[in-house]
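To find a chain, count down the sequence lines: A is the first, B the second, and so on, and within it residues start at 1.
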Amino acid sequence: MSDLLTGLNPEQLSAVTWPAKSALVLAGAGSGKTRVLTTRIAWLIQTGQVSPAGVLAVTFTNKAAREMQTRLGAMIPVNVKSMWIGTFHGLCNRFLRAHYRDAGLPSTFQILDSADQQAAIKRLLKSLDVSDEKFPPRAVQNFINGNKESGVRADTLSAHDAYTKKLIELYAAYDAQCQREGVVDFAELLLRSYEVLSRNAALAEHYKSRFRFILVDEFQDTNRLQYAWLKLLAGRDNALFAVGDDDQSIYAFRGAEVGNMRSLLADFGIDGPVRLEQNYRSAGNILTAANALIEKNDGRLGKNLWTEAGEGEPIRLYDAYSDGDEAEFICDEVKALQRDGWNLADIAVLYRSNAQSRALEHALVNAKLPYRVYGGLRFFERQEIKHALAYLRLIANPDDDNALLRVINIPARGIGARTVEGLQAASREQGVSLWQAACASGSGRAAASLGKFVLLIDQLRARSSNLNLAETVSLLLDDSGLKAMYEADKKESEERLANLDELINAAAGFFPQDPEQAVVEFLSAASLEAGEHQAEAGQDALQLMTVHAAKGLEFDAVFVSGLEEGLFPHENSFNDPKGLEEERRLMYVAVTRARKRLYLSSAQSRMLHGLSRYPIRSRFVDEVPGQLLHVLSATVKPLPVSHNTRAPWLDQPPPSRPSANLKGFAIGQSVTHAKFGLGVVIDAEGGGDDVRLHINFAEHGLKWLDLRYAKLSAA
DNA sequence: CCCAATTTTGTTTTT
DNA sequence: CAAAATTGGG
């Protein structure tokens with residue numbers, strides 16, 4: 001046991017060897033959080049306090065779960081695969097598969113990802129003849145998921161206004177549709193598990209007496225439902241060991257509640273958090289910058305990271321001419337780092353939104369630098385893959401209307417919009433799935449085409465019963481005509497065909513728990529871990545990803561790009577202080593990814609949906625103490641700009657802007673408007689005659705004004 | 001019914 | 001600048 005514990009600092013040691021009761025570990029960035037978590041599991045098992053089967057460990061990403069398994073396997077001889085280590089969603093899926101009858105689900109139930117869910121909602125709106133103008137599918141989706149994440153079903157909701165009433169009705173209808181089709185969305189996995197456990201006392205008791213030790217990673221990201229689920233499983237007697245960092249809470253937009261950390265202390269009678277404050281990752285200057293940034297936030301649990309490492313290098317700052325210029329700068333620096341012996345794989349370029357990778361990728365291709373983009377459109381989300389998986393879904397469960405609609409006419413087989421509409425009408429009338437309606441269709445041209453499709457799926461199912469997973473996928477690609485369709489298509493089909501081949505490989509490399517259920521398990525895995533599966537992983541390549549995707553990772557050198565008001569912090573967060581604080585935590589996460597060297601970059605002009613924008617530099621750059629910075633760009637000095645006053649951009653006149661013809665106006669200028677009064681120009685877009693200015697009015701707030709119509713004059 | 005061309009629309013982050 | 005939705009000629 002001494003082996004496990006050597007090298008831990010006193011705080012880490014205290015956390016690892018915490019007695020068999022609940023605890024909250026407040027673990028700063030780079031403080032050895034994952035190590036503490038895995039070492040504790042190993043220690044508990046090695047000291048005989050619990051068997052591997054008595055441990056429940058929950059993470060947020062599949063990557064984190066895998067890492068925990070790998071590290072644990074290296075520490076102690078134990079079959080980590082059989083342990084309950086996984087994401088909330090993965091574990092709930094496992095639970096529901098085991099208890100599908102109690103959950104009222106078919107054994108073959110499938111999981112809808114976000115896009116599938118949205119398609120299902122669109123279809124629902126159409127079938128109920130609800131205007132998607134008034135009820136945007138996106139809004140309905142948010143309503144449903146928001147409520148599910150709070151543990152609330154439609155039948156317990158009520159409202160006085162007609163609009164909300166309709167939303168509740170849609171929520172109920174959506175759940176009914178999913179139930180009919182045998183599918184569950186992400187939030188449903190959790191809610192359904194929770195309901196099964198809370199209704200079935202015997203079952204709950206079984207799991208409670210089994211999981212004596214429950215460990216949760218990234219606890220700050222749990223939502224209400226997840227916390228309720230944990231409380232249910234922990235009961236009174238089990239030890240809930242939660243590790244988290246309120247400063248790294250960046251998922252409030254999907255229901256995460258940092259407040260769960262305080263609730264945990266109260267609900268489980270924990271005296272106070274154990275703090276891990278020594279940082280082993282970053283050089284001093286980087287840490288100082290991070291601490292200075294996060295200090296601007298209110299209501300923190302509070303902690304101050306420190307390091308024994310020296311100051312290290314200054315933080316490099318570059319204010320580029322344009323997004324293209326910024327990308328070129330990054331390429332040049334990366335090449336220089338490479339010449340100095342840095343590994344590309346240890347260098348990351350981070351950005352706020354996925355769309356920003358475009359300009360970067362363009363420059364990287366020109367510079368002939370190998371790179372790897374994480375996130376974005378992931379393998380299992382590509383259209384050709386989703387088409388193929390839809391056939392696979394139909395083999396497993398033909399009542400999956402989503403899947404059927406997706407491929408019933410792909411490739412084209414004479415089943416057009418009219419036929420599909422007829423099918424939908426029939427299914428609604430008879431209260432059966434589209435598949436059943438298709439099976440029952442009579443005679444005629446349309447019915448003949450439908451019959452052929454039904455035959456195709458039936459034959460695929462029959463023939464696949466003797467085949468393994470990879471053979472099944474291969475068969476379906478051939479027999480459905482999907483492969484032939486992409487082969488016939490001349491351009492851009494090459495990559496798609498390669499992806500389809502890769503899908504066969506993925507199937508061949510998939511090892512199900514229960515071989516009988518290989519198809520069902522494979523489909524679940526595809527929904528739950530849509531990404532990760534990307535080719536050319538081995539190569540030494542520059543790492544590109546969003547800041548969100550970078551959480552939990554670390555790199556020798558980090559570029560935080562696109563540091564502009566409106567982008568980072570994102571403009572959607574401007575109106576709400578909570579949102580702005582979340583953006584700042586995001587910046588904190590970005591900065592603390594770096595071990596040795598940190599670059600902050602911004603651009604003075606950026607293309608956004610086809611138009612140029614001229615944003616100002618992000619307030620977050622100004623929140624980094626100036627003495628830590630080393631400015632690389634010639635044009636701008638990193639002088640602090642206050643963002644707290646009403647007319648913030650006046651005390652520092654911006655540099656003259658290239659190619660920004662704003663009809664005599666400039667960013668930072670004070671203006672008056674006949675109706676809105678006094679304001680400050682903070683952003684602009686367009687060019688030539690079509691120029692729009694973003695103005696912060698003292699009385700009326702933020703407005704976009706079109707210079708062709710707005711009566712604006714200099715103040 | 002099919003396909004291509006055109007218009008419209010929209011954009012944060014993700015399990 | 002894309003993807004998605006819509007239209008119109010075969």
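Nucleotides B/dT13 and C/dA4 have their P atoms positioned 15 Å apart, rounded to a whole Å. Spacing between C/dT6 and B/dT11 at atom P, rounded to whole Å, works out to 15 Å.
With a cut-off of 3.5 Å on both Watson-Crick or G-U wobble distances, the partner of B/dT14 is given as none. Across all strands shown, the partner of B/dC3 is C/dG8, judged by Watson-Crick or G-U wobble contacts whose two distances both fall under 3.5 Å.
Atom pair A/Glu133:CD and B/dT9:P shows a separation of 8 Å (rounding to whole Å applied). When the P atom of B/dT11 is taken as reference, atom CD of A/Glu571 falls 13 Å away, rounded to whole Å. To the nearest angstrom, P of B/dT12 lies 17 Å from CD of A/Glu565. If you measure from atom CZ of A/Arg254 to atom C1' of B/dT13, you get 9 Å, rounded to the nearest angstrom. As rounded to whole Å, 13 Å separates atom P of B/dC2 from atom CE of A/Met485. Residue A/Lys386 contributes atom NZ, which lies 12 Å from atom P of C/dA4 at whole-angstrom precision. One atom, CZ of A/Phe186, and another, P of B/dT13, lie 16 Å apart when rounded to the nearest Å. When the P atom of B/dC1 is taken as reference, atom CD1 of A/Ile408 falls 11 Å away, rounded to whole Å.
Side chain to side chain, A/Arg352 and A/His570 fail the donor-acceptor criterion of an N or O pair below 3.5 Å.
Of the listed nucleotides (C/dC1, B/dT14, B/dT15), B/dT14 has the atom at the smallest distance from the side chain of A/Ala549. Considering only the side chain of A/Arg358, C/dA2 comes nearest among C/dA2, B/dT14, B/dT15. Nearest to the side-chain atoms of A/Phe253 among the listed nucleotides B/dT15, B/dT14, B/dC3 stands B/dT14. Closest to the side chain of A/Asn572, out of B/dT12, B/dC2, B/dT14, is B/dT12.
Distances shorter than 4.0 Å separate some side-chain N or O of A/Thr419 from OP1 or OP2 on B/dC1. Phosphate proximity of C/dC1 to A/Arg613: absent, as no side-chain N or O sits under 4.0 Å from OP1 or OP2. For A/Asn409, a side-chain nitrogen or oxygen approaches OP1 or OP2 of B/dC2 to under 4.0 Å. The shortest distance between the side-chain N/O atoms of A/Lys63 and the OP1/OP2 oxygens of B/dT14 is not below 4.0 Å. Considering only side-chain N and O atoms, A/Ser353 lies nowhere under 4.0 angstrom from the phosphate OP1 or OP2 of B/dT11.
In this structure, A/Leu189 reaches neither bases nor backbone, as no heavy-atom distance under 4.0 Å exists between it and the strands shown. Within the nucleic acid shown, A/Phe568 has no heavy atom closer than 4.0 Å to any nucleic acid atom. Within the nucleic acid shown, A/Lys551 has no heavy atom closer than 4.0 Å to any nucleic acid atom. Residue contacts for A/Asn354: at a heavy-atom cut-off of 4.0 Å it reaches the sugar-phosphate backbone alone, with no base atom in range. A/Arg585 comes within contact range of no nucleotide atom at all, as no heavy-atom separation falls under 4.0 Å.
One finds the CD1 atom of A/Ile111 at 11.5 Å from the CD atom of A/Glu188 (value rounded to the nearest 0.5 Å). If you take CD1 on A/Ile144 and CD1 on A/Ile121, they are separated by 4.0 Å, rounding to the nearest 0.5 Å.
A/Tyr599 and A/Phe559 have parallel rings, their planes meeting at less than 30° on a 0 to 90° scale where 60° marks the start of perpendicular.
Heavy-atom distances to DNA chain B give each of A/Val420 and A/Glu583 a nearest nucleotide, and the one nearer the 5′ end belongs to A/Val420. Position along DNA chain B of the nearest nucleotide to A/Glu381 versus A/Ala412 favours A/Ala412 as the more 5'-ward residue.
Side-chain atoms of A/Ser114 come within donor-acceptor range of the base of B/dT15, with a qualifying N/O pair under 3.5 Å.
Lacking a ring centre under 5.5 Å from that of the base six-membered ring together with a plane angle below 30°, A/Phe88 does not count as stacked on B/dT15. Taking the 5.5 Å centre cut-off and the 30° plane limit, the aromatic side chain of A/His89 is not classed as stacked on B/dT15.
Relative to the ring axis of A/Tyr614, A/Arg606 does not place its NZ or CZ within 45° and under 6.0 Å from the centre. Both tests do not hold together for A/Lys148 against A/Tyr171: distance to the six-membered ring centre under 6.0 Å, angle to the ring axis within 45°. Taking the ring axis of A/Tyr251 as reference, the NZ or CZ atom of A/Arg254 stays within 45° of it and closer than 6.0 Å to the ring centre.
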